[in-house]
Amino acid sequence: MKKKFLLLATLIFGSLWSADAQTTLGLKDYYKNYFPIGVAVSAKNIMSSDTSFILTQFNSLTPENAMKMGPIHPKENEYNFTEADAIVNFAQRHHLKVRGHNLCWHEQTPDWIFKDKDGKLVSKTELLKRLKEHIFTVVNRYKGKVYAWDVVNEAIDDDSTHFLRNSLWFKICGIDYIIKAFEYAHEADPNAILFYNDYNTERPEKRERVLQLIKKLQSLHVPVMAVGLQGHWSIYEPTQHELQSTIQSFAALGLQVQITELDISIYPWEKNVRKKTDKDIDIYTTTIENKQAEQYKMVFDVFRKNKKYITGVTFWNITDKVTWLDHYPVPGRKNYPLLFDADYQPKKAYWDVIHF
Ligand code: GLA
(Lines give C-alpha, C1' and ligand atoms only; values in the text may rest on other atoms or scores of the structure.)
Protein backbone atom coordinates (compact mmCIF):
# COMPACT_ATOMS: atom_id res chain seq x y z
CA MET A 1 0.00 0.00 0.00
CA LYS A 2 2.78 2.37 1.07
CA LYS A 3 4.69 1.52 -2.11
CA LYS A 4 1.63 2.18 -4.28
CA PHE A 5 1.12 5.55 -2.60
CA LEU A 6 4.71 6.53 -3.21
CA LEU A 7 4.45 5.56 -6.84
CA LEU A 8 1.24 7.55 -7.25
CA ALA A 9 2.75 10.57 -5.49
CA THR A 10 5.83 10.40 -7.71
CA LEU A 11 3.67 10.25 -10.80
CA ILE A 12 1.49 13.19 -9.73
CA PHE A 13 4.25 15.43 -8.42
CA GLY A 14 6.63 14.34 -11.13
CA SER A 15 4.21 15.41 -13.83
CA LEU A 16 3.32 18.61 -11.98
CA TRP A 17 7.01 19.42 -11.78
CA SER A 18 7.61 18.79 -15.45
CA ALA A 19 4.49 20.77 -16.40
CA ASP A 20 5.89 23.57 -14.28
CA ALA A 21 9.28 23.30 -15.93
CA GLN A 22 7.62 23.75 -19.31
CA THR A 23 5.76 26.84 -18.20
CA THR A 24 8.82 28.61 -16.80
CA LEU A 25 8.90 32.03 -18.39
CA GLY A 26 11.94 33.01 -20.42
CA LEU A 27 13.25 36.13 -22.15
CA LYS A 28 11.01 35.48 -25.17
CA ASP A 29 7.91 35.57 -22.94
CA TYR A 30 8.83 38.78 -21.15
CA TYR A 31 9.46 40.36 -24.55
CA LYS A 32 6.49 38.87 -26.40
CA ASN A 33 4.91 42.28 -26.90
CA TYR A 34 8.17 43.74 -28.16
CA PHE A 35 10.31 41.58 -30.46
CA PRO A 36 11.59 38.01 -30.83
CA ILE A 37 14.64 37.14 -28.74
CA GLY A 38 17.11 34.94 -30.54
CA VAL A 39 20.38 33.15 -29.96
CA ALA A 40 23.28 32.03 -32.14
CA VAL A 41 23.74 28.27 -32.05
CA SER A 42 25.83 25.45 -33.43
CA ALA A 43 24.37 22.11 -34.52
CA LYS A 44 25.92 20.64 -31.35
CA ASN A 45 23.87 23.02 -29.18
CA ILE A 46 20.57 21.85 -30.62
CA MET A 47 21.50 18.18 -30.21
CA SER A 48 22.59 18.54 -26.59
CA SER A 49 21.02 19.12 -23.22
CA ASP A 50 20.96 22.85 -24.12
CA THR A 51 17.74 22.34 -26.08
CA SER A 52 15.23 22.75 -23.25
CA PHE A 53 17.09 25.84 -22.05
CA ILE A 54 17.07 27.30 -25.57
CA LEU A 55 13.36 26.58 -25.96
CA THR A 56 12.55 28.21 -22.62
CA GLN A 57 14.46 31.41 -23.27
CA PHE A 58 14.49 32.05 -27.02
CA ASN A 59 12.14 32.04 -30.02
CA SER A 60 14.58 32.68 -32.81
CA LEU A 61 17.86 31.06 -33.92
CA THR A 62 20.86 32.17 -35.96
CA PRO A 63 23.37 29.52 -37.05
CA GLU A 64 26.58 30.82 -35.50
CA ASN A 65 28.79 29.41 -38.29
CA ALA A 66 26.89 26.76 -40.24
CA MET A 67 25.59 29.02 -43.02
CA LYS A 68 28.74 31.02 -43.60
CA MET A 69 30.26 30.53 -47.03
CA GLY A 70 33.32 28.62 -45.82
CA PRO A 71 31.47 25.91 -43.88
CA ILE A 72 28.48 25.58 -46.22
CA HIS A 73 30.29 25.80 -49.59
CA PRO A 74 33.84 24.54 -48.96
CA LYS A 75 34.58 23.64 -52.60
CA GLU A 76 33.23 24.86 -55.90
CA ASN A 77 31.06 21.81 -56.46
CA GLU A 78 30.53 20.83 -52.87
CA TYR A 79 28.00 22.11 -50.40
CA ASN A 80 27.80 20.91 -46.83
CA PHE A 81 24.30 21.45 -45.56
CA THR A 82 24.35 19.00 -42.66
CA GLU A 83 24.67 21.45 -39.78
CA ALA A 84 22.53 24.19 -41.28
CA ASP A 85 19.79 21.66 -42.07
CA ALA A 86 19.88 20.33 -38.50
CA ILE A 87 19.42 23.84 -37.09
CA VAL A 88 16.64 24.76 -39.52
CA ASN A 89 14.81 21.45 -38.92
CA PHE A 90 15.03 21.93 -35.17
CA ALA A 91 13.63 25.45 -35.55
CA GLN A 92 10.77 24.21 -37.73
CA ARG A 93 9.86 21.46 -35.26
CA HIS A 94 9.69 23.96 -32.42
CA HIS A 95 8.23 26.92 -34.33
CA LEU A 96 11.26 29.15 -33.93
CA LYS A 97 12.25 31.84 -36.39
CA VAL A 98 15.57 31.52 -38.22
CA ARG A 99 17.88 34.34 -39.34
CA GLY A 100 20.28 33.34 -42.09
CA HIS A 101 23.87 34.40 -41.47
CA ASN A 102 25.44 35.24 -43.87
CA LEU A 103 25.67 35.33 -47.68
CA CYS A 104 28.72 37.47 -48.36
CA TRP A 105 31.59 38.35 -46.04
CA HIS A 106 35.37 38.80 -46.22
CA GLU A 107 36.03 36.25 -43.46
CA GLN A 108 35.26 32.52 -43.25
CA THR A 109 35.09 32.66 -47.03
CA PRO A 110 36.59 29.74 -48.95
CA ASP A 111 39.70 30.53 -50.94
CA TRP A 112 38.45 28.80 -54.08
CA ILE A 113 35.79 31.41 -54.72
CA PHE A 114 38.38 34.06 -55.63
CA LYS A 115 40.76 31.82 -57.57
CA ASP A 116 40.90 30.08 -60.93
CA LYS A 117 42.45 26.64 -61.39
CA ASP A 118 45.94 28.15 -61.66
CA GLY A 119 45.51 30.02 -58.39
CA LYS A 120 45.08 33.42 -60.06
CA LEU A 121 42.34 35.85 -59.04
CA VAL A 122 39.20 35.40 -61.14
CA SER A 123 37.57 38.17 -63.15
CA LYS A 124 34.70 40.27 -61.84
CA THR A 125 32.26 38.47 -64.17
CA GLU A 126 33.36 35.09 -62.87
CA LEU A 127 33.26 36.11 -59.21
CA LEU A 128 29.77 37.53 -59.53
CA LYS A 129 28.66 34.37 -61.34
CA ARG A 130 29.97 32.28 -58.42
CA LEU A 131 28.35 34.60 -55.89
CA LYS A 132 25.03 34.29 -57.70
CA GLU A 133 25.22 30.50 -57.83
CA HIS A 134 26.05 30.42 -54.10
CA ILE A 135 23.28 32.78 -53.07
CA PHE A 136 20.65 31.10 -55.26
CA THR A 137 21.52 27.63 -53.93
CA VAL A 138 21.58 28.55 -50.25
CA VAL A 139 18.64 30.96 -50.20
CA ASN A 140 16.49 28.59 -52.26
CA ARG A 141 17.18 25.66 -49.99
CA TYR A 142 15.87 27.53 -46.95
CA LYS A 143 13.14 29.52 -48.67
CA GLY A 144 10.11 29.89 -46.42
CA LYS A 145 12.15 28.64 -43.45
CA VAL A 146 14.69 31.43 -43.08
CA TYR A 147 12.79 34.70 -42.81
CA ALA A 148 15.74 37.11 -42.91
CA TRP A 149 19.26 37.08 -44.36
CA ASP A 150 22.39 38.97 -43.43
CA VAL A 151 23.24 39.49 -47.07
CA VAL A 152 26.45 41.46 -46.70
CA ASN A 153 28.48 41.42 -43.50
CA GLU A 154 31.04 44.02 -42.46
CA ALA A 155 31.75 45.77 -45.77
CA ILE A 156 32.86 49.05 -44.17
CA ASP A 157 36.60 49.47 -43.53
CA ASP A 158 38.02 49.58 -40.01
CA ASP A 159 40.08 52.63 -40.98
CA SER A 160 37.79 55.62 -40.56
CA THR A 161 39.53 57.47 -43.39
CA HIS A 162 38.46 54.76 -45.85
CA PHE A 163 34.99 53.82 -47.00
CA LEU A 164 34.60 50.21 -48.17
CA ARG A 165 36.88 47.48 -46.85
CA ASN A 166 39.60 46.55 -49.33
CA SER A 167 38.65 42.85 -49.33
CA LEU A 168 39.05 40.55 -52.31
CA TRP A 169 35.35 41.07 -52.98
CA PHE A 170 36.00 44.79 -53.26
CA LYS A 171 39.30 44.50 -55.11
CA ILE A 172 37.69 42.37 -57.81
CA CYS A 173 34.18 43.86 -58.02
CA GLY A 174 34.21 47.30 -56.39
CA ILE A 175 30.87 48.16 -54.77
CA ASP A 176 29.05 45.93 -57.28
CA TYR A 177 29.48 42.82 -55.13
CA ILE A 178 27.29 44.46 -52.49
CA ILE A 179 24.67 45.57 -55.01
CA LYS A 180 24.59 42.17 -56.70
CA ALA A 181 24.47 40.20 -53.46
CA PHE A 182 21.26 42.01 -52.49
CA GLU A 183 19.77 41.65 -55.95
CA TYR A 184 20.51 37.91 -56.13
CA ALA A 185 19.10 37.30 -52.64
CA HIS A 186 15.94 39.22 -53.46
CA GLU A 187 15.51 37.35 -56.70
CA ALA A 188 16.00 34.01 -54.94
CA ASP A 189 13.50 34.78 -52.17
CA PRO A 190 11.41 37.91 -52.65
CA ASN A 191 9.85 37.40 -49.20
CA ALA A 192 13.06 37.34 -47.19
CA ILE A 193 14.01 40.45 -45.25
CA LEU A 194 17.46 41.50 -46.42
CA PHE A 195 19.99 42.96 -43.98
CA TYR A 196 23.24 44.84 -44.12
CA ASN A 197 25.05 43.75 -40.92
CA ASP A 198 28.03 45.41 -39.21
CA TYR A 199 29.78 46.17 -35.90
CA ASN A 200 30.63 49.42 -34.08
CA THR A 201 27.63 50.99 -35.80
CA GLU A 202 27.03 53.15 -32.73
CA ARG A 203 30.40 54.91 -33.06
CA PRO A 204 29.45 58.12 -34.88
CA GLU A 205 32.13 57.93 -37.57
CA LYS A 206 31.38 54.31 -38.44
CA ARG A 207 27.64 54.92 -38.32
CA GLU A 208 28.05 57.75 -40.83
CA ARG A 209 29.85 55.48 -43.26
CA VAL A 210 27.18 52.75 -42.92
CA LEU A 211 24.48 55.37 -43.49
CA GLN A 212 26.37 56.58 -46.55
CA LEU A 213 26.47 53.02 -47.93
CA ILE A 214 22.75 52.44 -47.29
CA LYS A 215 21.82 55.76 -48.92
CA LYS A 216 23.93 54.90 -51.93
CA LEU A 217 22.24 51.48 -52.22
CA GLN A 218 18.81 53.03 -51.83
CA SER A 219 19.55 55.59 -54.55
CA LEU A 220 20.32 52.64 -56.87
CA HIS A 221 17.07 50.86 -55.82
CA VAL A 222 19.01 47.98 -54.28
CA PRO A 223 16.67 45.87 -52.10
CA VAL A 224 18.31 46.55 -48.73
CA MET A 225 15.50 46.44 -46.18
CA ALA A 226 17.08 46.34 -42.78
CA VAL A 227 20.22 46.97 -40.81
CA GLY A 228 21.79 44.60 -38.31
CA LEU A 229 23.62 46.29 -35.46
CA GLN A 230 25.80 43.39 -34.38
CA GLY A 231 25.86 44.57 -30.77
CA HIS A 232 29.29 43.21 -29.82
CA TRP A 233 29.40 45.83 -27.10
CA SER A 234 31.15 46.22 -23.76
CA ILE A 235 30.60 47.69 -20.33
CA TYR A 236 32.26 50.84 -21.74
CA GLU A 237 30.20 51.46 -24.87
CA PRO A 238 27.86 52.39 -26.47
CA THR A 239 26.30 55.23 -24.50
CA GLN A 240 22.54 55.59 -24.36
CA HIS A 241 22.76 58.59 -26.67
CA GLU A 242 24.91 56.77 -29.23
CA LEU A 243 22.55 53.80 -29.30
CA GLN A 244 19.40 55.90 -29.51
CA SER A 245 20.70 58.08 -32.32
CA THR A 246 21.95 55.06 -34.25
CA ILE A 247 18.54 53.36 -34.17
CA GLN A 248 16.84 56.62 -35.08
CA SER A 249 19.08 57.38 -38.00
CA PHE A 250 18.61 53.97 -39.63
CA ALA A 251 14.87 54.01 -38.94
CA ALA A 252 14.74 57.43 -40.62
CA LEU A 253 15.90 55.74 -43.83
CA GLY A 254 12.88 53.43 -43.61
CA LEU A 255 14.90 50.41 -42.48
CA GLN A 256 13.98 47.79 -39.91
CA VAL A 257 16.60 47.49 -37.20
CA GLN A 258 17.76 44.34 -35.40
CA ILE A 259 20.46 43.73 -32.85
CA THR A 260 21.93 40.63 -34.42
CA GLU A 261 24.90 39.46 -32.31
CA LEU A 262 24.45 40.84 -28.82
CA ASP A 263 26.99 40.36 -26.06
CA ILE A 264 28.43 42.80 -23.53
CA SER A 265 32.12 42.13 -22.98
CA ILE A 266 33.75 42.98 -19.67
CA TYR A 267 36.79 44.30 -21.59
CA PRO A 268 37.21 47.31 -23.88
CA TRP A 269 36.64 46.52 -27.56
CA GLU A 270 39.69 45.30 -29.48
CA LYS A 271 39.97 43.97 -32.99
CA ASN A 272 43.38 42.41 -33.51
CA VAL A 273 44.15 39.00 -32.07
CA ARG A 274 46.94 39.21 -29.49
CA LYS A 275 48.54 37.14 -26.76
CA LYS A 276 47.29 37.24 -23.17
CA THR A 277 49.54 39.37 -20.91
CA ASP A 278 49.86 39.93 -17.15
CA LYS A 279 47.56 42.92 -17.50
CA ASP A 280 44.68 40.69 -18.64
CA ILE A 281 43.30 39.83 -15.24
CA ASP A 282 40.16 37.92 -16.06
CA ILE A 283 38.37 38.29 -12.74
CA TYR A 284 34.68 38.89 -12.86
CA THR A 285 34.22 41.12 -9.81
CA THR A 286 30.89 42.23 -8.35
CA THR A 287 31.66 45.76 -9.49
CA ILE A 288 32.07 44.58 -13.07
CA GLU A 289 28.96 42.40 -12.87
CA ASN A 290 26.96 45.40 -11.63
CA LYS A 291 28.35 47.63 -14.35
CA GLN A 292 27.42 45.01 -16.93
CA ALA A 293 23.90 44.75 -15.49
CA GLU A 294 23.51 48.54 -15.80
CA GLN A 295 24.66 48.41 -19.42
CA TYR A 296 22.25 45.57 -20.24
CA LYS A 297 19.42 47.44 -18.50
CA MET A 298 20.21 50.59 -20.48
CA VAL A 299 20.34 48.90 -23.88
CA PHE A 300 17.09 46.98 -23.34
CA ASP A 301 15.39 50.18 -22.12
CA VAL A 302 16.41 51.77 -25.42
CA PHE A 303 15.27 48.71 -27.41
CA ARG A 304 11.82 48.77 -25.79
CA LYS A 305 11.44 52.50 -26.40
CA ASN A 306 12.19 51.85 -30.07
CA LYS A 307 9.99 48.78 -30.46
CA LYS A 308 8.39 50.36 -33.55
CA TYR A 309 11.65 49.92 -35.42
CA ILE A 310 13.26 46.93 -33.73
CA THR A 311 12.20 43.57 -35.14
CA GLY A 312 14.54 41.27 -33.24
CA VAL A 313 17.32 40.98 -30.68
CA THR A 314 19.70 38.02 -30.95
CA PHE A 315 22.35 36.99 -28.42
CA TRP A 316 25.66 35.67 -29.69
CA ASN A 317 25.93 32.39 -27.69
CA ILE A 318 23.80 30.92 -24.93
CA THR A 319 25.60 31.30 -21.58
CA ASP A 320 28.97 32.35 -20.15
CA LYS A 321 30.01 28.68 -20.12
CA VAL A 322 31.30 28.93 -23.69
CA THR A 323 31.46 32.10 -25.75
CA TRP A 324 33.50 33.13 -28.79
CA LEU A 325 34.91 35.96 -26.65
CA ASP A 326 36.87 33.38 -24.59
CA HIS A 327 39.11 33.04 -27.65
CA TYR A 328 38.82 36.39 -29.36
CA PRO A 329 40.67 38.72 -29.50
CA VAL A 330 42.79 37.34 -26.63
CA PRO A 331 42.90 33.53 -26.69
CA GLY A 332 42.49 32.06 -23.21
CA ARG A 333 41.12 35.21 -21.58
CA LYS A 334 37.80 34.25 -20.06
CA ASN A 335 34.92 36.61 -20.75
CA TYR A 336 31.44 36.77 -19.20
CA PRO A 337 29.35 38.60 -21.78
CA LEU A 338 25.88 37.02 -21.56
CA LEU A 339 22.81 36.99 -19.31
CA PHE A 340 23.39 33.49 -17.88
CA ASP A 341 26.38 32.17 -15.95
CA ALA A 342 28.33 29.00 -16.72
CA ASP A 343 25.72 26.99 -14.78
CA TYR A 344 22.88 28.41 -16.88
CA GLN A 345 21.71 30.54 -13.94
CA PRO A 346 20.38 34.05 -14.58
CA LYS A 347 22.88 36.78 -13.69
CA LYS A 348 22.04 40.17 -12.19
CA ALA A 349 21.79 41.55 -15.74
CA TYR A 350 19.01 39.05 -16.54
CA TRP A 351 16.75 40.37 -13.79
CA ASP A 352 17.43 43.93 -14.90
CA VAL A 353 16.46 43.00 -18.45
CA ILE A 354 13.15 41.31 -17.56
CA HIS A 355 11.97 43.68 -14.80
CA PHE A 356 10.46 46.65 -16.52
C1 GLA B 1 31.22 38.64 -36.60
C2 GLA B 1 30.39 37.77 -37.51
C3 GLA B 1 29.83 36.61 -36.76
C4 GLA B 1 30.86 35.96 -35.89
C5 GLA B 1 31.42 36.95 -34.97
C6 GLA B 1 32.32 36.21 -34.04
O7 GLA B 1 30.48 39.44 -35.81
O8 GLA B 1 29.31 38.45 -38.10
O9 GLA B 1 29.38 35.66 -37.66
O10 GLA B 1 31.88 35.39 -36.65
O11 GLA B 1 32.07 37.91 -35.76
O12 GLA B 1 31.73 35.00 -33.58
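Quick caveat: nothing in here was measured; it's all calculated off a predicted structure. One-based numbering, in listed order, for ligands and for the atoms of each.
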Self-check item: Where ligand 1 meets Lys68 - atom numbers and elements under 4.0 angstrom, heavy-atom basis
Solution: 3 (C), 4 (C), 9 (O), 10 (O)
Practice problem: Only counting residues at least two apart or in another chain, list the ones meeting ring-ring contact (aromatic ring centres under 6.0 Å, His included) with Tyr296. | Solution: none
Exercise. May I ask you to decide if the ring planes of Phe300 and Phe35 are parallel, tilted or perpendicular, using 30° and 60° as cut-offs?
Key: tilted
Practice problem: Answer with side chain, backbone, both or neither: which part of Trp105 has a heavy atom less than 4.0 angstrom from an atom of ligand 1? | Solution: side chain
Quiz item: Side chain, backbone, both or neither: which part of Asn102 has a heavy atom under 4.0 Å from ligand 1?
Solution: neither
Quiz item: Does ligand 1 have a heavy atom under 4.0 Å from the side chain of Tyr199, from its backbone, from both, or from neither?
Solution: neither
Quiz prompt | Atoms of ligand 1 close to Gln108 [distance to a heavy atom under 4.0 angstrom, numbered from 1] | solution = 10 (O)
Quiz prompt | Atom indices of ligand 1 within 4.0 angstrom of His232 heavy atoms, with elements | solution = 7 (O)
Exercise. Determine the interplanar angle of the Tyr142 and Trp149 rings, folded into 0 to 90°, and report it as parallel if under 30°, tilted if 30 to 60°, perpendicular if over 60°.
Key: tilted
Compile the donor-acceptor pairs under 3.5 Å between side chains in residues 166-179 and protein atoms, sequence neighbours left out, one pair per line.
from	atom 1	to	atom 2	distance (Å)
Ser167	OG	Trp169	N	3.4
Ser167	OG	Phe170	N	3.2
Trp169	NE1	Trp105	O	2.8
Asp176	OD2	Lys124	NZ	2.7

Exercise. Using the six-membered ring wherever Trp is involved, compare the ring planes of His73 and His134 and label them parallel, tilted or perpendicular (cut-offs 30° and 60°).
Key: parallel
Practice problem: May I ask you to list the atoms of ligand 1 that are less than 4.0 angstrom from any heavy atom of Glu154? | Solution: 1 (C), 2 (C), 7 (O), 8 (O)
Quiz item: Do the ring planes of Phe53 and Tyr344 sit parallel (below 30°), tilted (30 to 60°) or perpendicular (above 60°)?
Solution: perpendicular
Quiz item: Does the side chain of Thr287 pick up a donor-acceptor pair with the side chain of Asn290 at under 3.5 Å?
Solution: no
Practice problem: Compute both the distance and the angle, then confirm whether Arg99 meets the cation-pi test with Phe195: under 6.0 Å from the six-membered ring centre, within 45 degrees of the axis. | Solution: yes
Quiz item: Which atoms of ligand 1 have any heavy atom of Trp324 under 4.0 Å away?
Solution: 6 (C), 12 (O)
Quiz item: Do any nitrogen or oxygen atoms of Asn197 lie less than 3.5 angstrom from nitrogen or oxygen atoms of ligand 1?
Solution: no
Quiz item: Does His101 reach ligand 1 with a nitrogen or oxygen that is under 3.5 Å from one of the ligand's nitrogen or oxygen atoms?
Solution: yes
Practice problem: Starting from atom 7 (O) of ligand 1, locate the nearest protein heavy atom and write down its residue, its atom name and how far away it is, to 0.1 Å. | Solution: Glu261 OE1, 2.4 Å
Quiz item: Identify the closest protein heavy atom to atom 12 (O) of ligand 1: which residue and atom is it, and at what distance?
Solution: Trp316 NE1, 3.0 Å
Quiz item: How are the rings of Phe90 and His94 set to each other: parallel, tilted or perpendicular (split at 30° and 60°)?
Solution: tilted
Exercise. Using a strict cut-off of 4.0 Å, indicate which atoms of ligand 1 neighbour a heavy atom of Asn153.
Key: 2 (C), 8 (O)
